[in-house]
Chemist: 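What follows is a structure written as structure tokens; I'll ask about it next.
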Amino acid sequence: MFLETINKENDIKKIRKEDYDKLAEEIREFLIEKISMCGGHLASNLGVVELTMALHLSLDLPNDKIVWDVGHQSYTHKILTGRKDEFNKLRAYGGVSGFPKRRESECDAFDTGHSSTSVSAALGIVTGYGLSGNDGTVVAVIGDGALTGGMAFEALNNASNINRNFIIVLNDNHMSISENVGGLSSYLTGIRTDEKYNDIKAGVVKSLNSIPVVGEKLVSNIRKTKDSIKQLVVPGMLFENMGIVYLGPVDGHNITQMVKVFREAKSLDKAVLIHVITKKGKGYKPAEKHPSRFHGTGPFDKETGRSIVPKTKESYTDVFSNAIVEAAGKHDNIVAVSAAMPDGTGLTSFSKEFPERFFDVGIAEQHAVTFAAGLAVSGYRPFVAIYSSFLQRAYDQILHDVCIQDLPIVFAIDRAGLVGGDGETHQGIFDISYLRTIPNMSICAPKNKWELEDMISYASYSSGPIAIRYPRDVAWTGLEEYREPIKYGKAEVIYDEKDILLFAEGNMVKSACKVRDVLKERGYFVSLVNARFIKPFDEELICEMSRRHSLIVTLEDNVLNGGFGEGVTRFVENNCKESDVLNIGVPNIYVEHGSLKDIRKESHLDTETIVERIVDKMERRANV
């Protein structure tokens with residue numbers, strides 16, 4: 001096997017050209033085998049096998065650098081830099097990350113996880129190289145979906161001014177997670193499908209190459225000039241007009257062709273964009289047919305592509321999906337906005353039911369929020385559905401364009417709290433902190449399936465901006481009998497006793513029930529209150545209950561800094577000093593990848609650790 005000879009960076013250069021395709025086949029088999037067992041990003045990685053091989057053949061790592069946009073397509077890069085033996089613990093706690101990590105290898109140039117960042121980061125690296133006298137090559141690999149992000153265009157605008165070699169590889173597979181939308185997608189489609197352009201270009205190149213001795217040199221010189229072949233056929237190319245040399249389209253599964261183009265690009269002392277056409281899921285029929293399904297997947301049967309994980313029960317995303325369709329049927333002014341993730345956020349059903357009221361703006365969270373603000377001032381009630389860790393990219397727009405104007409926009413924050421295998425860049429543990437400080441913003445979180453339904457219904461006619469946060473999890477069906485009507489800023493008393501008050505938000509109500517059971521077994525009297533509203537929380541109830549509870553314990557799946565518990569503590573200290581407050585939440589750290597069970601324990605949010613902290617606090621109070 002050729003893959004067995006790859007044990008560190010640059011080992012691929014020992015492989016003969018005639019064996020490149022065999023190595024690519026082995027890598028695909030390896031990826032399918034490993035990801036079928038442990039889950040991960042499959043389709044995107046299968047699509048860039050040859051592209052990654054060509055980059056590694058053309059570069060000298062680690063001095064040369066590759067910055068992967070998003071980074072979930074870096075598995076082949078990890079294999080070629082000596083980490084294939086670690087794939088048995090891919091995305092597991094303590095194992096290899098599914099994204100580039102500088103602490104894993106010197107060959108990982110930049111930690112990534114969110115889209116549209118690679119050109120900026122790589123431009124910074126190449127500029128730093130210029131300052132230090134390093135002549136290494138720096139490459140940014142960005143997908144056509146990520147190129148819709150505004151940050152990418154800011155970086156391209158800046159890159160046009162650089163006077164040293166800088167390579168941008170545009171990996172064009174016509175997909176982000178869902179299908180791409182918008183003018184840029186149409187523009188790139190036009191380039192890659194323009195038969196006139198491709199036929200004429202191929203004919204001219206073939207004719208010139210046939211000229212003895214000087215033909216190949218003529219082709220090379222023409223490509224280097226401003227008035228290149230493509231400019232004669234397709235004038236006004238977007239990238240060329242920005243001052244960036246455009247090469248392509250290139251077959252992203254032809255290694256020899258790509259190596260040749262990379263060699264040509266390295267010879268230019270300016271920014272060069274190489275447009276590479278790839279197929280997401282390449283080489284595995286189920287992933288080719290259903291690239292979105294295999295973007296991020298759990299374990300599956302590699303022969304059939306079918307999941308081997310038992311079918312999960314209804315998720316919170318499913319509940320939201322059904323609830324917003326129901327609400328939109330009652331309210332004609334409800335519209336829905338997605339940032340390239342209608343499937344992941346549960347808006348696909350809405351888009352089919354109300355196509356004229358659904359808007360997918362592409363990977364552009366900032367634009368999504370301000371676009372929604374425009375809809376709101378026009379009399380509509382937008383539901384903006386975005387993952388917690390992605391919404392933080394639009395902080396300024398939420399503050400400036402939405403909350404200052406007190407617009408009735410509903411932020412459906414999916415993947416709030418700990419999310420598992422995707423790691424630091426995807427854990428939704430900061431949204432309470434970054435939203436709680438904004439005037440006019442209300443934040444609520446449901447304890448279970450039915451409360452999420454009720455909150456969607458409530459938000460359909462509430463005033464001002466409101467955020468509803470819910471986890472990446474099966475929708476809990478516990479405490480079904482507790483379903484009081486939603487009232488603004490009011491909590492819900494589940495159990496009313498004395499001594500210890502568990503004041504929990506959202507998904508932590510389920511954890512609080514388990515904690516309460518253990519504390520009861522130990523002889524404590526324990527009340528449980530479902531906060532419902534994180535901002536504003538129920539101050540009146542807290543003051544009233546503080547008179548018969550010596551300890552108030554806040555529970556949240558957010559970092560402690562700036563979180564729910566911090567707000568409760570400040571209020572109690574200033575207004576109801578009868579009680580002590582203990583904050584339970586995620587430590588102020590970046591939480592690594594791993595199973596939810598493992599990272600909850602690592603974050604001190606497992607039942608045993610919470611109970612011991614409460615008991616310790618009560619015992620210390622008793623000994624004072």
Chemist: Salt-bridged, R306 to D301, with N to O below 4.0 Å?
Modeler: no
Chemist: Hey, what do you get for SG (C444) to CD1 (I468), rounding to the nearest 0.5 Å?
Modeler: 4.5 Å
Chemist: According to ring-ring contact (aromatic ring centres under 6.0 Å, His included), who are the partners of H41, at least two apart in sequence or on a separate chain?
Modeler: H72, F99, H295
Chemist: For the pair R357 and E353, find out whether any cationic side-chain nitrogen is under 4.0 Å from an anionic carboxylate oxygen.
Modeler: no
Chemist: Could you check whether S457 and D454, counting side-chain N and O atoms only, form a donor-acceptor pair closer than 3.5 Å?
Modeler: no
Chemist: May I ask you to decide whether E484 forms a salt bridge with K490, counting only side-chain N to carboxylate O separations under 4.0 Å?
Modeler: no
Chemist: Any Lys/Arg nitrogen of E497 or K520 sitting under 4.0 Å from an Asp/Glu carboxylate oxygen of the other?
Modeler: yes
Chemist: For the residue pair K498 and F525, would you count it as a cation-pi contact if the rule is NZ or CZ under 6.0 angstrom from the ring centre and within 45 degrees of the ring axis?
Modeler: yes
Chemist: Using ring-ring contact (aromatic ring centres under 6.0 Å, His included) as the criterion, list what pairs up with Y488, not counting sequence neighbours.
Modeler: F533
Chemist: State plainly whether the residues E608 and K601 are in salt-bridge range, i.e. N to O under 4.0 Å.
Modeler: no
Chemist: Less than 4.0 Å between a side-chain N and a carboxylate O, is that true for E104 and K78?
Modeler: yes
Chemist: Can you tell whether the side chains of K535 and E566 come within less than 4.0 Å, N to carboxylate O?
Modeler: no
Chemist: Parallel, tilted or perpendicular: which fits the ring planes of F294 and F300, with parallel below 30° and perpendicular above 60°?
Modeler: perpendicular
Chemist: Give the minimum heavy-atom separation between S579 and S546, together with the two atoms involved.
Modeler: OG-O, 3.0 Å
Chemist: List the residues meeting ring-ring contact (aromatic ring centres under 6.0 Å, His included) with F358, not counting sequence neighbours, and say none if there are none.
Modeler: none
Chemist: Quick one: do D517 and R522 make a salt bridge, cutoff under 4.0 Å?
Modeler: no
Chemist: For the residue pair F371 and H367, categorise the inter-ring angle as parallel (less than 30°), tilted (30 to 60°) or perpendicular (more than 60°).
Modeler: tilted
